[in-house]
There are 2 protein chains.
Amino acid sequence: MNTAAATQAGDLPASEDHNNCRALGQILDRIGDKWTIMVVGVLSRGPLRFNQMMREIGGVSHRMLTLTLRSLERDGLVSRTAYATIPPKVEYALTDAGRSLIEPLRVLSDWAIDNRPVIEKARADFDNR
Amino acid sequence: MNTAAATQAGDLPASEDHNNCRALGQILDRIGDKWTIMVVGVLSRGPLRFNQMMREIGGVSHRMLTLTLRSLERDGLVSRTAYATIPPKVEYALTDAGRSLIEPLRVLSDWAIDNRPVIEKARADFDNR
DNA sequence: CAGTATCCAGTCGGATACTG
DNA sequence: CAGTATCCGACTGGATACTG
């Protein structure tokens, strides 16, 4: 879309907000899927090999872990190091950019933990109607 | 799931992290969809009526806006006030809980803005291979 | 104006089988 | 062990038409 044109001159506060939303929306599209944050989560404790991750995360299919890692690698958030041994060994780790994502996620996670009871209460109330 | 049992006693650091991830995952399931943060975004500037929102957000279908708002209302993040006038008028606004979500989202949004160039560079590099 | 119901194409993601 | 390819059911979300 024509972000450039929109941010050119007039730039009302509203449109600035709107751009924030777009940026937010884009990264939520990336990290908001089913497995990405799980991967970032387990990698935040240190590098892992493919099958280790699969076990640690639990419930993720072979395919989806591959796709998720590929996507994170493409975005420069995760690095992939292959050792040409037999059997092959591949290690995944967070890059600096990947690590920088941990704090924002922790903030959100804290919010989630703080507000879970409130939300669950609201949900129960809503459903009893 | 047996979160209670898991957090009972041993509570290795790892399992704590894992619970954080679960909580995070749950709220990302809620806010990570296509429209939720857009709604929170526009409502952060003040209450709005249904069709106003639709215009402000742009690109959202009637149906999806309804569903998104319903979901946010159910979770107690958005309030819905209907005026029995003709034609009907319904105002949506963030609740206190809804407003408390703005800051965490802003943190993430800041990260997105800071890292967009890095990610786009990484993506371009990756695709040129 | 606000909301609901139906339809349907597109996407997502798990299961499975196969390769280096 | 790590990764790819194919298949296919399930879900998502837009378009449309209708109601109060």
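Lettering of chains follows the sequences in order, A, B, ..., and the numbering in each one begins at 1.
Donor-acceptor pairing under 3.5 Å is recorded for the side chains of A:Arg30 and A:Ser71.
Residues passing the salt bridge (charged side-chain N to carboxylate O under 4.0 Å, His left out) test with A:Arg80: none are found, sequence neighbours excluded. Checked against salt bridge (charged side-chain N to carboxylate O under 4.0 Å, His left out), A:Lys121 has the following partners two or more places apart in sequence or in another chain: A:Asp125. Scored by the salt bridge (charged side-chain N to carboxylate O under 4.0 Å, His left out) test, A:Arg49 finds no partners at all (sequence neighbours excluded). Contacts of A:Arg106 classified as side chain to side chain contact (heavy atoms under 4.5 Å, CB included), with partners at least two apart in sequence or in another chain: A:Ile102, A:Glu103, A:Asp110, B:Asn20. With sequence neighbours left out, the side-chain hydrogen bond (donor to acceptor under 3.5 Å, both in side chains) criterion links B:Thr95 to no other residue. Under the rule for a salt bridge (charged side-chain N to carboxylate O under 4.0 Å, His left out), the partners of B:Arg123 that lie at least two apart in sequence or sit in another chain are A:Asp75. Remark: A:Ser100 pairs with B:Trp111 by the side-chain hydrogen bond (donor to acceptor under 3.5 Å, both in side chains) rule, at least two apart or across chains.
A ring pair (Phe, Tyr, Trp, His ring centres under 6.0 Å) check over residues 27-70 of chain A, counting only residues at least two apart or in different chains, returns the pairs A:Phe50-A:His62.
Screening B:Leu67, B:Val60, B:Leu65 against B:Arg63 for a side-chain contact (heavy atoms from CB on, under 4.5 Å) leaves a single residue, B:Leu67.
Taking 4.0 Å as the cutoff to heavy atoms of chain A, we find the contact window on DNA chain C bounded by C:dG13 to C:dG20.
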Heteroatom pairs (N/O) under 3.5 angstrom, protein to nucleotides 7-13 of chain D:
residue: D:dG13; atom: N7; partner: B:Arg63; partner atom: NH2; Å: 2.4

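Within the 4.0 angstrom heavy-atom criterion, only backbone atoms of the sugar-phosphate kind lie near A:Tyr92; the bases stay farther away.
Near DNA chain D, meaning a heavy atom under 4.0 Å away, there are no residues from residues 70-82 of chain B.
Note that CD of A:Gln52 and CD of A:Glu91 are 7.5 Å apart. Values are rounded to the nearest 0.5 Å.
In this structure, A:Arg74 pairs ionically with B:Asp127, as a charged nitrogen and a carboxylate oxygen lie closer than 4.0 Å.
With axes fitted over five pairs at each extremity, the angle between the ends of the helix from C:dC1-D:dG20 to C:dG20-D:dC1 is 40° (10° resolution).
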